[in-house]
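A short worksheet on the structure shown next.
The sequence lines fix the lettering, A, B, ..., with proteins before strands; numbering per chain opens at 1.
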Protein chains: 2
Amino acid sequence: MKLSAKVEYGVRAMAVLAIYYQAGPLPLREIAEQEKISLKFLEQIFPDLKKAKLVESARGSRGGYMLSRSPAEIKVGDIVRAVEGPITPVDCLSEIETKACCDRKDACLTRQVWEKLRDRINDVLDEVALIELVDIKPVYKSS
Amino acid sequence: MKLSAKVEYGVRAMAVLAIYYQAGPLPLREIAEQEKISLKFLEQIFPDLKKAKLVESARGSRGGYMLSRSPAEIKVGDIVRAVEGPITPVDCLSEIETKACCDRKDACLTRQVWEKLRDRINDVLDEVALIELVDIKPVYKSS
DNA sequence: TGATATCCGAGTTGTTTAGTCGGGATTGAA
DNA sequence: TTCAATCCCGACTAAACAACTCGGATATCA
């Protein structure tokens with residue numbers, strides 16, 4: 001029942017981006033230094049965040065990443081699912097819903113617990129927005 | 001965010017034991033056949049359940065395992081924690097509470113989310129008792 | 001043109017998982 | 001007393017996964 005380092009770093013990186021919200025693109029090198037995370041590892045995480053439309057990127061010099069929505073609108077759950085894929089406590093739940101995963105004729109007795117667990121995990125992760133992780137006021141562009 | 005196969009099998013095995021509650025010791029071979037789980041793998045799981053005092057064992061011929069409490073008193077959370085250890089979504093939470101896990105001076109901003117997550121996972125797993133997984137009535141000893 | 005970025009895919013190293021295997025100790029029954 | 005069933009114990013292993021690392025291609029701005 002563990003989250004990966006990718007998720008942990010992803011959330012921390014997004015928290016940094018939240019602080020610099022609306023201050024233009026922030027390069028990963030900056031985040032890597034601040035959070036003591038390998039730059040190359042961050043480079044591996046951010047394509048997932050971009051695919052999920054949580055961040056936008058600017059290439060080339062003076063490029064970087066920025067949040068595509070306000071930190072109040074991005075939930076921790078969004079980040080977790082973007083980086084790790086959908087929450088599935090047991091493999092059984094990742095299959096097509098209608099299909100019986102267990103080949104026993106009766107419905108899997110334990111399945112209901114794992115479904116409930118999955119839903120509750122998603123709930124609690126969706127309760128917390130990025131802005132709540134950064135108690136200090138965001139830094140806006142000076143101009 | 002996955003549970004191990006050990007946990008999944010552990011819960012299923014305990015559900016079988018719940019059905020045969022108070023019907024004397026049930027050998028693992030029986031559970032293995034019913035649930036299509038490797039006997040040797042089950043033998044690896046049950047010492048954990050015993051250590052957590054969820055089951056009692058009877059050795060030798062006609063031996064086996066039985067629940068040490070009623071299926072209403074055993075929660076899924078008990079089984080999960082017995083087999084997998086305490087729930088820790090990130091390693092940070094497994095350290096001694098008082099010690100600052102991150103070496104940054106300010107408290108880890110994301111920690112609060114993971115604590116909340118951990119607590120909620122424990123909550124939901126402790127809401128479901130073993131008896132709720134076996135909708136059919138338990139089989140009591142005939143005598 | 002050159003420095004700085006994102007982007008892309010492959011390689012590496014260590015850990016964990018999901019078992020298997022072989023045998024020892026204990027007990028109930030024939 | 002012997003036998004078979006059972007729990008018990010520790011080591012082993014193959015495959016998957018995690019957490020990076022590495023080398024470079026591509027885009028952009030000054």
Side-chain angles (χ1 to χ4, degrees), chain A residues 1-13 17 20 23-33 35-68 80 83-85 88-92 94, chain B residues 1-13 16-17 20 24-33 35-68 80 83-85 88-92 94:
Chain A
M1 221 47 198
K2 280 227 187 345
L3 291 164
S4 64
K6 278 175 87 165
V7 160
E8 211 187 318
Y9 294 163
V11 172
R12 275 165 56 191
L17 280 187
Y20 291 91
L26 189 70
L28 290 187
R29 177 186 43 76
E30 199 72 35
I31 300 175
E33 279 169 17
E35 290 293 321
K36 303 277 188 295
I37 301 171
S38 147
L39 172 61
K40 277 300 189 180
F41 200 26
L42 274 181
E43 283 185 345
Q44 201 170 334
I45 295 169
F46 268 77
D48 293 333
L49 296 171
K50 193 185 175 186
K51 230 172 287 169
K53 302 230 197 292
L54 299 179
V55 297
E56 287 167 8
S57 64
R59 305 184 61 171
S61 181
R62 300 292 173 115
Y65 286 95
M66 58 203 117
L67 298 185
S68 57
V80 173
V83 174
E84 273 212 320
T88 53
V90 301
D91 290 334
C92 174
S94 59
Chain B
M1 222 47 198
K2 280 229 187 346
L3 291 164
S4 63
K6 278 176 87 165
V7 160
E8 209 186 320
Y9 294 163
V11 172
R12 275 165 57 192
V16 173
L17 280 186
Y20 291 91
L26 189 70
L28 289 188
R29 178 187 41 76
E30 199 70 35
I31 299 175
E33 280 169 14
E35 291 294 321
K36 302 275 188 298
I37 302 172
S38 147
L39 171 62
K40 278 300 191 180
F41 200 25
L42 274 181
E43 283 185 342
Q44 201 171 334
I45 296 169
F46 267 77
D48 294 332
L49 297 171
K50 194 186 175 185
K51 229 172 288 169
K53 303 232 197 292
L54 299 179
V55 296
E56 287 167 8
S57 63
R59 304 184 64 172
S61 182
R62 299 291 172 118
Y65 285 95
M66 58 202 117
L67 297 186
S68 56
V80 173
V83 174
E84 265 203 338
T88 54
V90 301
D91 289 333
C92 176
S94 61

Return the value, rounded to whole Å, for the distance between atom [atom1] of [X] and atom [atom2] of [N].
X: A:Lys2; N: C:dT17; atom1: NZ; atom2: C1'; answer: 14 Å
X: A:Leu39; N: C:dC7; atom1: CG; atom2: P; answer: 12 Å
X: B:Ile45; N: C:dT17; atom1: CD1; atom2: P; answer: 13 Å
X: B:Tyr9; N: C:dT17; atom1: OH; atom2: P; answer: 14 Å
X: A:Phe41; N: C:dT12; atom1: CZ; atom2: C1'; answer: 14 Å
X: A:Asp48; N: C:dC8; atom1: CG; atom2: P; answer: 12 Å
X: B:Leu3; N: C:dT16; atom1: CG; atom2: C1'; answer: 15 Å
X: A:Leu28; N: C:dC7; atom1: CG; atom2: C1'; answer: 11 Å

Atom pair [atom1]/[atom2] of [X] and [Y] - distance to nearest 0.5 Å:
X: A:Ile31; Y: A:Tyr20; atom1: CD1; atom2: OH; answer: 9.5 Å
X: B:Lys2; Y: B:Glu8; atom1: NZ; atom2: CD; answer: 10.5 Å
X: B:Leu17; Y: B:Tyr65; atom1: CG; atom2: OH; answer: 10.0 Å

>> When you compare the side chain of B:Ile37 with that of B:Arg12, does any pair of heavy atoms fall below 4.5 Å?
In response: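 B:Arg12 reaches B:Ile37 side chain to side chain.
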>> Quick check on DNA chain C: between B:Ser38 and B:Glu84, whose nearest nucleotide comes earlier from the 5' end?
In response: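 That would be B:Glu84.
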Please enumerate all protein N or O atoms sitting under 3.5 Å from an N or O of nucleotides 21-27 of chain C, with distances to 0.1 Å.
unit_1 : atom_1 : unit_2  : atom_2 : d
C:dG22 : O6     : B:Lys40 : NZ     : 2.6
C:dG23 : O6     : B:Lys40 : NZ     : 3.1
C:dA25 : N3     : B:Arg59 : NH2    : 3.3
C:dT26 : O2     : B:Gly60 : N      : 3.4
C:dT27 : O2     : B:Ser61 : N      : 2.9

>> Show the nearest heavy-atom pair for residues A:Leu3 and A:Glu84, with the distance to one decimal.
In response: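 It is CD2-OE1, 3.6 Å.
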>> Please give me the minimum heavy-atom distance between A:Pro25 and A:Pro27, naming the atom from each residue.
In response: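 Closest heavy-atom pair between A:Pro25 and A:Pro27: O-CD, 3.9 Å.
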>> Under 4.0 Å from OP1 or OP2 of C:dA5: is there any side-chain N or O of A:Tyr65 that close?
In response: no
>> Let me spell it out: for each of A:Gln44 and A:Ala58, pick the nucleotide of DNA chain D with the closest heavy atom. Which residue's pick is nearer the 5' end?
In response: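 It is A:Gln44, whose closest nucleotide lies nearer the 5' terminus.
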> 5' to 3' on DNA chain D, which nucleotides open and close the contacts with chain A (atom under 4.0 Å from a heavy atom)?
Replying inline: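 Reading along DNA chain D, I get D:dA19 to D:dC29.
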>> The side chain of B:Arg62 is closest to which nucleotide in this list: C:dT6, C:dG28, C:dT20?
In response: C:dG28
>> Using the side-chain heavy atoms of A:Lys50, tell me which of these nucleotides is nearest: C:dC7, C:dT20, C:dA5.
In response: C:dC7
What pairs of donor and acceptor atoms, side-chain ones from residues 41-62 of chain A against any protein atom, are under 3.5 angstrom apart with sequence neighbours left out?
unit_1  : atom_1 : unit_2  : atom_2 : d
A:Glu43 : OE1    : A:Lys40 : NZ     : 3.3
A:Lys50 : NZ     : A:Ser57 : OG     : 2.9

> With distance as the sole test, does B:Arg29 use its side chain to make a donor-acceptor pair with the main-chain N or O of B:Leu39 at under 3.5 Å?
Replying inline: no
